[in-house]
**Student:** 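A single structure is presented below for examination.
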Amino acid sequence: MVTRNEIKGEPVLRFDGSRPLSAAVVEELDAFCDRAEDQRAPGPVTIHVTGAPPDGWAKGLAVGLVSKWERVVRRFERLGRLTAAVASGECAGTALDLLLAADIRIAEPGTTLRLASAGGGTWPGMTVYRLTKQAGAAGIRRAVLLGAPIGTERALALDLIDEVSDDPAKTLAELDVVVDGAETAIRRQLIFEAGSTTFEEALGSHLAAADRALRREAKS
C-alpha cells in the first residue's frame, strides 16, 4: 500500500528484517538517512519494519560489518528529523534495531518483538542496550536471557511502542505538523543526556535550548 508520505515524496523506507545483514543493507539505511537530511521539512521520516532473520543468519558474519550496522542505526537514531517506525508481523534482528531507534513507534495488531538468536543465545548487540535503557532490566530480562517474544500488550506496557493501530497512516498524518527537524533533534538530545548527566551538567544545554526557543518565538 502506498502511504501518504510516499505520495508527498517524503522519505519512506520499507525494511525487511529477514534479509541477512550485509554491506548492501548498511548502504540502504545510510542512503535513506541521506535523503532524510536533504529534505529538511516538518513531519516525520517513516520506516516500515517487519521480518526476523532465519536460523544461521550470523554464520560468516564479521564484527566489522556489525560495527558499521550499529553506527548507521545510531545515525538514524540521531537524525535531524522526527523519525517514525511502523512494525508488523514478527519483528526481530535488524528490524527490531530500527524500531527501537525511532522516535515514534506504531505496531500493527499481532506484532511480536523478539531478539534474534546467534552463538547459543540471543544476539548481544545494541538491541539489548536499547531494550534495557528504555524498559529497564526487569522488564526485558526474559526476552534477553531466554529469547521470550514480546507481544504488543507487553510492549505497550514497557513503553517500547507508543500505539497499536490497524491504521498507522492516521497517526502518521497527525505528525505532519510537528516542529521542524532541528528543534526535534535538540529536544531528543536533551532526553538522551538526561539519563547520564547531573542537573548542574544539564542546565547549560537546557538554557541554551530555551534561549534558542525564545529567539525563534520573538521572530515569529
Side-chain angles (χ1 to χ4, degrees), residues 1-3 5-6 11-33 35-36 44-62 65-77 79 83-119 121-131 134-135 140 143-144 146-156 158 160-169 171-172:
M1 180 179 67
V2 177
T3 65
N5 282 33
E6 287 169 305
V12 175
L13 178 64
R14 297 183 179 277
F15 190 89
D16 182 0
S18 68
R19 293 176 299 169
L21 180 57
S22 66
V25 169
V26 173
E27 291 168 4
E28 178 184 35
L29 182 57
D30 206 30
F32 176 71
C33 292
R35 296 198 306 275
V45 295
T46 306
I47 187 164
H48 295 257
V49 295
T50 189
D55 293 341
W57 68 275
K59 290 186 182 299
L61 188 62
L65 180 59
V66 175
S67 176
K68 290 179 180 179
W69 170 250
E70 298 289 8
R71 291 178 185 279
V72 77
V73 173
R74 183 61 168 166
R75 182 188 179 192
F76 172 73
E77 190 172 38
L79 274 180
T83 58
V86 179
S88 60
E90 188 176 29
C91 187
T94 51
L96 181 57
D97 286 341
L98 292 175
L99 177 68
L100 296 178
D103 296 318
I104 305 299
R105 304 160 194 175
I106 307 165
E108 296 184 8
T111 298
T112 301
L113 313 184
R114 180 177 62 79
L115 274 79
S117 297
T122 56
W123 177 244
M126 292 302 288
T127 304
V128 176
Y129 175 86
R130 290 188 176 90
L131 283 170
Q134 295 171 21
I140 53 82
V144 173
L146 305 178
I150 303 173
T152 50
E153 290 188 8
R154 180 66 173 160
L156 271 174
L158 293 173
L160 295 175
I161 57 176
D162 302 304
E163 178 182 335
V164 178
S165 174
D166 55 8
D167 186 15
T171 300
L172 294 174

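Residue indices begin at 1 and follow the sequence shown. Quantities reported herein were computed from a predicted structural model and do not represent experimental measurements.
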**Student:** Could you tell me which non-hydrogen atom of Ala118 sits nearest to which non-hydrogen atom of Trp123, and how far apart they are?
**Tutor:** CB-CE3, 3.7 Å
**Student:** Look at the aromatic rings of Phe32 and Phe76 and report parallel, tilted or perpendicular, splitting at 30° and 60°.
**Tutor:**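 Phe32 vs Phe76 ring planes: tilted.
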**Student:** Going by heavy atoms in the side chains, are Arg114 and Leu96 under 4.5 Å from each other?
**Tutor:** no
**Student:** Quick check: are there more than 12 heavy atoms from other residues, nucleotides or ligands sitting under 6.0 Å from CZ of Arg71?
**Tutor:**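 Check fails, neighbour count at 12 or below.
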**Student:** Grab the two heavy atoms, one from Pro149 and one from Thr112, that are nearest each other, plus how far apart they are.
**Tutor:**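 What the structure gives for the nearest pair is CB-CG2, 3.4 Å.
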**Student:** Any chance you could measure Arg105, atom CZ, to Leu113, atom CG, to the nearest 0.5 Å?
**Tutor:** 10.0 Å
**Student:** Please examine the side chains of Pro53 and Thr94, heavy atoms only from C-beta on, and report whether any two atoms are closer than 4.5 Å.
**Tutor:**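 With C-beta onward as the side chain, the pair stays apart.
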**Student:** Please round to the nearest 0.5 Å and tell me the distance separating atom CG of Leu61 and atom NZ of Lys59.
**Tutor:**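 Here the rounded value is 12.0 Å.
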**Student:** If you round to the nearest 0.5 Å, how far is CG of Leu99 from OG of Ser88?
**Tutor:** 10.5 Å
**Student:** Test: side-chain hydrogen bond (donor to acceptor under 3.5 Å, both in side chains). Region: residues 146-156. Which pairs qualify, not counting sequence neighbours?
**Tutor:** none
**Student:** Measure across Ile150 and Ala155 and return the closest heavy-atom pair with its distance rounded to 0.1 Å.
**Tutor:**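 In terms of heavy atoms, the two residues are closest at CG2-N, 3.6 Å.
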**Student:** Could you tell me whether the side chain of Val73 reaches within less than 4.5 Å of the side chain of Met126, counting heavy atoms only?
**Tutor:**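 No, side chains not in contact.
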**Student:** Without placing hydrogens or testing angles, list every side-chain donor-acceptor pair under 3.5 Å for residues 23-30, not counting sequence neighbours.
**Tutor:**
residue	atom	partner	partner atom	Å
Glu28	OE1	Arg19	NH1	3.1
Glu28	OE1	Arg19	NH2	2.8
Asp30	OD1	Arg75	NH1	2.5

**Student:** Please report the shortest heavy-atom distance between Pro109 and Ser165, naming the atom on each side.
**Tutor:** CD-O, 3.4 Å
**Student:** Can you tell me how far OG1 of Thr83 sits from CG of Leu13, rounded to the nearest 0.5 angstrom?
**Tutor:** 12.0 Å
**Student:** Show the numbers, then the answer: is there a side-chain contact (heavy atoms from CB on, under 4.5 Å) between Asp162 and Ile106?
**Tutor:** CA-CA 6 Å; Asp162 302 304; Ile106 307 165; 5.9 Å; no
**Student:** Of all residues at least two apart in sequence or in a different chain, which pass the ring pair (Phe, Tyr, Trp, His ring centres under 6.0 Å) check with Phe15?
**Tutor:** Trp69
**Student:** Are the side chain of Arg130 and the backbone N or O of Asp97 linked by a donor-acceptor pair below 3.5 Å?
**Tutor:** no
**Student:** Please report the shortest heavy-atom distance between Ala87 and Thr111, naming the atom on each side.
**Tutor:** O-OG1, 3.2 Å
**Student:** Tell me the closest heavy-atom pair linking Ala92 and Ala52, and the distance in Å.
**Tutor:** CB-CB, 3.6 Å
**Student:** Atom CG of Leu100 and atom SG of Cys91: how far apart are they, to the nearest 0.5 Å?
**Tutor:** 8.0 Å
**Student:** Please say whether more than 12 non-hydrogen atoms of neighbouring residues, nucleotides or ligands are located less than 6.0 Å from CG in Asp167.
**Tutor:**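 Result for CG/Asp167: enclosed.
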**Student:** Report yes or no: does Thr122 contribute a side-chain atom to a donor-acceptor pair with the main-chain N or O of Leu115 at less than 3.5 Å?
**Tutor:** no
